[in-house]
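Take a look at the structure set out below.
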Amino acid sequence: MPELPEVETTRRSLEPHLVGRRIVAVIVRDRRLRWPVQADLEARLEGARIDRVDRRAKYLLIGVADGTLLLHLGMSGNLQVVGPATPLRKHDHVDIVLDDSRVLRFHDPRRFGSLHWTEGDGGSHPLLAALAPEPLTDAFDGDYLHQVTRGRSAAIKHILMNGTLVTGVGNIYASEALFRAGINPRTAARRLSAVRCTRLVAAVKETLALAIDAGGSTLRDYVDAGGRPGHFQQQSLVYERGGQACSRCGASIRHIRQGQRSTYYCVSCQT
DNA sequence: AGCTCACCCTGCGAGC
DNA sequence: TGCTCGCAGGGTGAGC
């Protein structure tokens, strides 16, 4: 479900409910997530007071005094703060019970999500240490993208989704950003000029910022921590619009597969 | 080193 | 109705 805007929307909606609360119980109903949930997770978290809710790439970082819970929503995960008597649904794998008796509930049908406990602020954890710059910071600029794409023959769309070059850009927003930049998603990354790299970086930032403002995309089942859907998909220019007319030139939007993922683009606008 | 592909898992809609 | 197939927003790791 989530790309960076959905994770950031979730973070913002969780923060006021979590910061300052003490964790009174942790209930793990199914440990078989992307990686098995470590045996001491409950003991690490119970009794701890939540100091911060941060985000790095698509990871949520729930910080307590002596460590951090790294939480990834995978493809189908979501987090909601619910009342103590809220009935369980299928795939409600983890409950974190707070001292106001409300519950932070992790729901993930496909179980591609994950939870990890790590000491300190989480930044040195192997899952985070190798991650590239955040796309919405100044470290991600045209010069940077131009530099890291030299010698790379892979398609630019694939490169955008490679978390060791830039983080947080997933399948929806890669297609959307390439459309805004007028770049064909199949272009070999090394063939992009410095000017086009600059244009693409601007398009990535613009696309992500718009999506965050819209509360993320709601394809299928995404909701934020309060159960509210996002509405970015109503603004999508190409994603899931195969066969429709391009909003810019009227040509038919094409749907292709790159790797195992869907890509949408306008053959006329994107060269 | 980088590229490509298979795979982890469940649910849903389409087609028969 | 019920089946099979393909596809879905993520990421890792094997084999080349």
Side-chain angles (χ1 to χ4, degrees), chain A residues 1-10 29-37 55-60 70-79 89-94 106-116 125-132 135 147-178 185-191 204 207-208 211-212 214-224 229-236 238-243 255-264:
Chain A
M1 156 245 307
E3 297 190 32
L4 186 150
E6 290 74 37
V7 179
E8 178 61 22
T9 299
T10 298
R29 298 187 187 82
D30 195 339
R31 311 193 87 86
R32 301 170 303 160
L33 300 182
R34 178 70 176 81
W35 290 280
V37 176
R55 179 189 59 75
R56 173 76 174 99
K58 296 171 192 162
Y59 287 91
L60 283 165
L70 306 184
L71 212 152
H72 198 294
L73 299 174
M75 288 274 249
S76 58
N78 68 54
L79 284 167
R89 298 164 299 172
K90 199 174 178 183
H91 308 305
D92 282 343
H93 302 311
V94 181
F106 176 67
H107 174 87
D108 184 10
R110 292 174 74 180
R111 287 191 276 120
F112 288 172
S114 64
L115 286 82
H116 289 273
H125 192 280
L127 288 169
L128 301 189
L131 288 175
Q147 179 206 319
V148 299
T149 50
R150 295 311 86 187
R152 305 296 294 254
S153 63
I156 183 58
K157 192 233 184 187
H158 202 73
I159 293 287
L160 274 184
M161 293 174 63
N162 178 342
T164 65
L165 300 176
V166 56
T167 64
V169 183
N171 203 42
I172 298 179
Y173 301 116
S175 280
E176 292 295 310
L178 285 161
R186 293 192 280 204
T187 306
R190 66 180 172 207
R191 298 189 56 235
V204 167
T207 303
L208 295 177
I212 292 170
S217 289
T218 300
L219 295 172
R220 294 156 204 97
D221 56 359
Y222 171 74
V223 289
D224 72 9
H231 49 277
F232 181 81
Q233 84 283 5
Q234 291 158 11
Q235 307 171 20
S236 101
V238 290
Y239 193 81
E240 290 201 331
R241 294 193 186 279
H255 179 201
I256 61 169
R257 291 215 129 230
Q258 288 184 287
Q260 327 307 334
R261 315 302 293 275
S262 273
T263 299
Y264 298 85

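Every value quoted in this text rests on a predicted model; they were computed, and no experiment measured them. In what follows, chains carry the letters A, B, and so on, assigned in the order in which the sequence lines appear, proteins first and then strands, with residues in each chain numbered from 1.
For the pair A/Arg34 and A/His91, both in contact range of DNA chain B, the more 5′-proximal nearest nucleotide belongs to A/Arg34.
Partner assigned to B/dC9 is none, using Watson-Crick or G-U wobble distances below 3.5 angstrom.
Out of C/dT12, B/dC3, B/dC9, the shortest distance to the side chain of A/Trp35 is found at C/dT12. In this structure, of B/dG2, C/dG10, B/dC7, it is B/dC7 that holds the atom nearest to the side chain of A/Gln260. When the nucleotides C/dG10, B/dC3, C/dT12 are ranked by their closest atom to the side chain of A/Leu127, C/dT12 comes out on top. Here the side chain of A/Pro109 is nearest to one of B/dC9, B/dG11, C/dT12, namely B/dG11. Closest contact between the side chain of A/Glu3 and the listed nucleotides C/dG10, B/dT4, B/dC9 involves C/dG10. Of the candidates C/dG10, B/dC7, B/dC3, C/dG10 carries the atom nearest the A/His72 side chain, counting heavy atoms from C-beta on. Here the side chain of A/Asn171 is nearest to one of C/dC7, C/dG10, B/dC7, namely C/dG10. Nearest nucleotide to the side chain of A/Lys58, out of C/dG10, C/dT12, B/dG11: C/dG10.
Taking the six-membered ring where the residue is Trp, the centroids of A/His125 and A/His116 are separated by under 6.0 Å.
A/Leu73 places a side-chain heavy atom less than 4.5 Å from the side chain of A/Phe106. At least one side-chain heavy atom of A/Val204 sits under 4.5 Å from a side-chain heavy atom of A/Leu160. The shortest side-chain heavy-atom distance between A/Leu178 and A/Tyr173 does not fall under the 4.5 Å cut-off.
Nucleic acid contact for A/Ser153: sugar-phosphate only, since backbone atoms but no base atoms lie under 4.0 Å from a heavy atom of the residue. Residue A/Arg32 is out of contact with every strand shown, counting any heavy-atom pair closer than 4.0 Å.
In this structure, CG of A/Leu33 is placed 16 Å from P of C/dG11, rounded to the nearest angstrom. Between A/Leu70 atom CG and C/dG10 atom P there is a gap of 19 Å when expressed in whole angstrom units. With rounding to whole Å, A/Asp108 atom CG is found 13 Å from C/dG11 atom P. Straight-line distance from the CG atom of A/Asp30 to the C1' atom of B/dC9: 11 Å, rounded to whole Å. Computed from coordinates, the A/Asn162 CG to B/dA1 P distance equals 14 Å when rounded to whole Å. A/Phe112 places its CZ atom 13 Å from the P atom of C/dT12, with the value rounded to the nearest Å. Separating the CG atom of A/Leu71 from the P atom of C/dG11 is a distance of 14 Å, rounded to the nearest angstrom. Distance CG (A/Leu131) to P (C/dG10): 14 Å, rounded to an integer number of Å.
When the side-chain nitrogen and oxygen atoms of A/Arg152 are compared with OP1 and OP2 of B/dC3, one or more of them lie within a distance under 4.0 Å.
Here the closest non-hydrogen pair linking A/Val238 and A/Ser175 is CG2-O, 3.7 Å.
At a cut-off of 3.5 angstrom, the base of B/dC9 holds at least one donor-acceptor pair with the side chain of A/Arg110.
Comparing the P positions of B/dC9 and C/dC3 gives a spacing of 23 Å, expressed to the nearest Å. When the P atom is used for both B/dA6 and C/dG6, the distance is 13 Å, rounded to whole Å.
Side chain to side chain, A/Asp108 and A/His93 fail the donor-acceptor criterion of an N or O pair below 3.5 Å.
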